Amino acid sequence: MPSIDSTFFDIGTMDAISRQDTFVHRMDPRIKVLTTLVFIVCVVSFGKHDISALIPFLVYPLFLVVLGDVPVGYLLRKVMLAAPFAVLIGIFNPLLDREVLVQLGPFGISGGWVSFLSILLRFTMTVGAALILIATTGYHAVCMALERMGVPQVFVVQLLFLHRYLFVLVDEASRMVRARSLRSFQGKGAGIRVFGSMAGHLLLRTLDRAQRIHLAMLSRGFDGNIRPFHPLRVRGWEVMFLLGWSALFVLMRCYNVPRFVGTLIQGFVS
Amino acid sequence: MHMADALISPVVGGTLWAATAGLIGYSSRKVKQDMDDRRIPLMGVLGAFIFAAQMINFTIPGTGSSGHLGGGMILAILLGPAAAFLTLASVLTVQALFFADGGLLALGCNIFNLGFFPCFVAYPLVYKPIAGDKIHQTRIVIGAVLSAVFGLQLGALGVVFETLFSGISDLPFATFVLLMQPIHLAIGIVEGLVTAAVVVFVWKARPEILGTTVAPTLAGTPSMKKVLAGLLIAAAVAGGLISWFASTHPDGLEWSISRSTGKEELESSKKGLYAWLAELQEKTAFLPDYGFKESKKEDASGEAWPAVDSGTSLSGLLGGVLTLIILVLIGVLLKRRKKPHAQH
């Protein structure tokens with residue numbers, strides 16, 4: 001779990017990036033969500049040892065990053081931060097699968113290393129796609145898209161509320177953590193009992209706050225339904241966007257483009 | 001640590017997503033029916049609380065490492081299973097979208113592992129019987145620790161099976177299980193103690209919260225539906241999974257026959273009624289010897305144990321379902337026979 005102050009900063013940065021006004025940002029969020037889903041499913045459906053066939057898929061994240069003005073360094077740093085789990089599990093593959101799969105001159109690369117590289121590539125692309133989705137669409141718009149696509153309204157309302165009050169609560173929790181570290185010389189406290197009372201106090205304040213929020217909403221006319229403030233409209237070219245990219249993904253999944261290009265080049269050269 | 005997209009296949013991801021989507025739909029309906037409007041901001045704010053609380057690290061005494069709260073059990077205790085599941089699902093969604101903590105396809109798996117097991121399995125089966133009605137400090141601690149351990153063990157098992165069935169990682173089942181389960185046992189104990197610490201604090205400061213936050217349930221026998229559902233799940237697990245662990249040694253009868261005659265099964269005569277019945281059995285048995293027909297040909301020296309065989313799982317599950325159907329038919333027929341007598 002990242003530290004409290006960096007989380008605060010992170011969510012704020014993502015929100016700021018998603019409020020830019022570019023061609024990608026203006027698209028209907030449902031299109032972006034659906035295209036991202038098709039992308040992820042295609043990438044994930046490759047076999048264990050596929051590497052070259054995966055590489056052309058990078059064109060979609062690249063397209064979005066360039067046209068959507070997403071800061072690449074920031075994106076890559078976030079992907080790196082999330083990498084440990086995949087690396088931890090994937091690192092067993094080279095240890096377990098030692099059969100030589102590829103011969104590069106005098107060097108034989110085992111199947112384990114190939115599948116490890118495939119895992120890393122897959123990871124970067126899927127995680128990158130999810131982050132780019134939020135960076136170009138914004139959390140609120142994604143929730144509206146989900147609601148229009150059939151997700152139960154109670155869950156969407158929950159997502160929206162969570163996002164709204166995240167900042168408030170992370171702020172309070174960071175004040176508590178700072179107070180604790182000031183009183184314990186940067187230590188993490190005397191263990192579970194101190195944490196118990198910190199979290200307990202935070203919880204009591206949370207419950208009181210929830211009651212105040214509910215009363216405030218009632219006095220402003222809340223009746224249980226949350227309505228989006230501008231209607232979502234899908235235009236013709238956006239449908240073409242979705243269909244075009246999906247067709248490309250399926251094509252690249254079924255045919256190994258780099259190998260094809262490589263054979264072509266070999267044909268010309270020899 | 002949440003599962004990443006890179007380690008699952010679309011089939012596994014899609015299946016778990018279907019299960020999670022079904023659960024989200026069910027929980028949403030329950031929340032809409034049972035709870036009043038007041039709970040909606042409460043769920044949102046408690047979700048934010050869990051998020052924030054997860055960022056407050058604490059040192060674990062004796063090890064020097066630090067840990068943080070998971071949150072499933074606290075939510076279940078304060079909100080009840082359905083609302084807690086939705087809240088936890090929303091927290092995991094935000095983590096996946098903003099922090100890339102677990103991919104979008106793996107989100108279904110993560111919500112299932114971290115949400116379904118604590119809220120719908122560990123809480124009703126372990127915590128509620130221990131500390132639900134008679135709230136007392138020791139009961140809270142014991143209930144929280146046991147339910148947290150139970151929920152996390154199941155969640156860890158879920159991760160192992162999802163990775164195994166996806167086939168991207170080469171980790172063998174036994175190694176992975178031996179890695180995951182002990183670690184999550186330790187994590188579960190710490191989580192249980194932390195949950196207990198927070199709940200005890202709240203109970204001492206404002207005891208009415210624990211009593212009234214969750215809708216009160218009528219004491220009495222558990223509903224028939226839940227008992228049946230529980231038995232069905234147990235039968236499915238036994239038939240589908242535990243059957244892999246069936247011993248490969250011959251059973252008592254086969255052992256004694258092999259000791260006395262040198263073969264495992266006696267041969268019956270090749271003609272007459274025996275032969276005809278044997279042929280009939282061979283034709284109708286679509287899962288001979290509890291496995292798929294083709295896999296028997298590759299039966300090389302020494303079967304692996306556990307014999308992870310989809311054929312065995314399928315036969316276990318099908319056998320269970322067929323038995324159930326036959327029992328239901330018998331029950332229906334018996335009831336029909338009783339009715340004319342009762343009307344006299």
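Please read these numbers as outputs of a predicted model, since none were measured by experiment. Side-chain atoms are counted along with the backbone in the values below, which use heavy atoms only and exclude waters and symmetry mates. Every chain is numbered from 1 and lettered A, B, ... according to where its sequence line falls, protein lines coming before strand lines.
Across I8(B), I50(B), T87(B), I74(B), the residue that shares the most heavy-atom pairs under 4.5 angstrom with chain A is T87(B). Ranked by heavy-atom pairs under 4.5 Å with chain B, the list V44(A), V156(A), L120(A), L202(A) is led by V44(A). Heavy-atom pairs under 4.5 Å with chain A peak, among L97(B), L104(B), T163(B), V11(B), at L97(B). For the set T175(B), T195(B), V194(B), the count of heavy-atom pairs under 4.5 angstrom toward chain A peaks at V194(B). Per-residue heavy-atom pair counts under 4.5 Å with chain B were compared for T206(A), T126(A), L215(A), and the maximum is reached by T206(A). Put simply, of T124(A), L204(A), V127(A), the one with the most heavy-atom pairs under 4.5 Å next to chain B is L204(A). With chain B as the partner, the residue from V151(A), L133(A), I213(A), I119(A) showing the most heavy-atom pairs under 4.5 Å is I119(A).
For the atom pair CG (L114(B)) and CG (L152(B)), the distance works out to 7.5 Å, reported to the nearest 0.5 Å.
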Practice item. Would you please test L146(A) and F155(A) for side-chain contact (heavy atoms from CB on, under 4.5 Å) and show each step? Key: CA-CA 10 Å; L146(A) 288 178; F155(A) 187 57; 5.9 Å; no
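Proximity of the aromatic rings of Y60(A) and F249(A) is defined here by a centroid distance below 6.0 angstrom, and this criterion is met. Between F222(A) and H214(A), a ring centre-to-centre spacing not shorter than 6.0 Å is recorded. Less than 6.0 angstrom separates the ring centroid of F46(A) from the ring centroid of F57(A).
Proximity to chain B is absent for every atom of M125(A), based on heavy atoms less than 4.5 angstrom apart. Only the backbone of S9(B) has a heavy atom closer than 4.5 Å to any heavy atom of chain A. Proximity to chain A is limited to the side chain of L179(B), based on heavy atoms less than 4.5 angstrom apart. Heavy atoms of V200(B) lying under 4.5 Å from chain A are absent altogether. For chain B, the nearby part of S115(A) is the side chain; its heavy atoms alone come within less than 4.5 Å. Only the side chain of I134(A) comes within contact range of chain B, judged by heavy atoms closer than 4.5 Å. Heavy atoms of A89(B) lying under 4.5 Å from chain A belong to its backbone as well as its side chain. When heavy atoms are compared at a cutoff of 4.5 Å, H163(A) approaches chain B solely by way of its side chain, counted from C-beta outward.
When all heavy atoms of A148(B) and E191(B) are compared, the closest pair comes out as CB-CG, 3.8 Å.
Side chains of N113(B) and E162(B): a donor-acceptor N/O pair is present below 3.5 angstrom, by distance only.
Distance alone, capped at 3.5 Å, is enough to place a donor-acceptor pair between the Y139(A) side chain and the L159(A) backbone.
Atom CE of M80(A) has 12 or fewer heavy atoms from other residues, nucleotides or ligands within 6.0 Å.
For the pair R175(A) and D171(A), the salt-bridge criterion is met [side-chain N within less than 4.0 Å of a carboxylate O].
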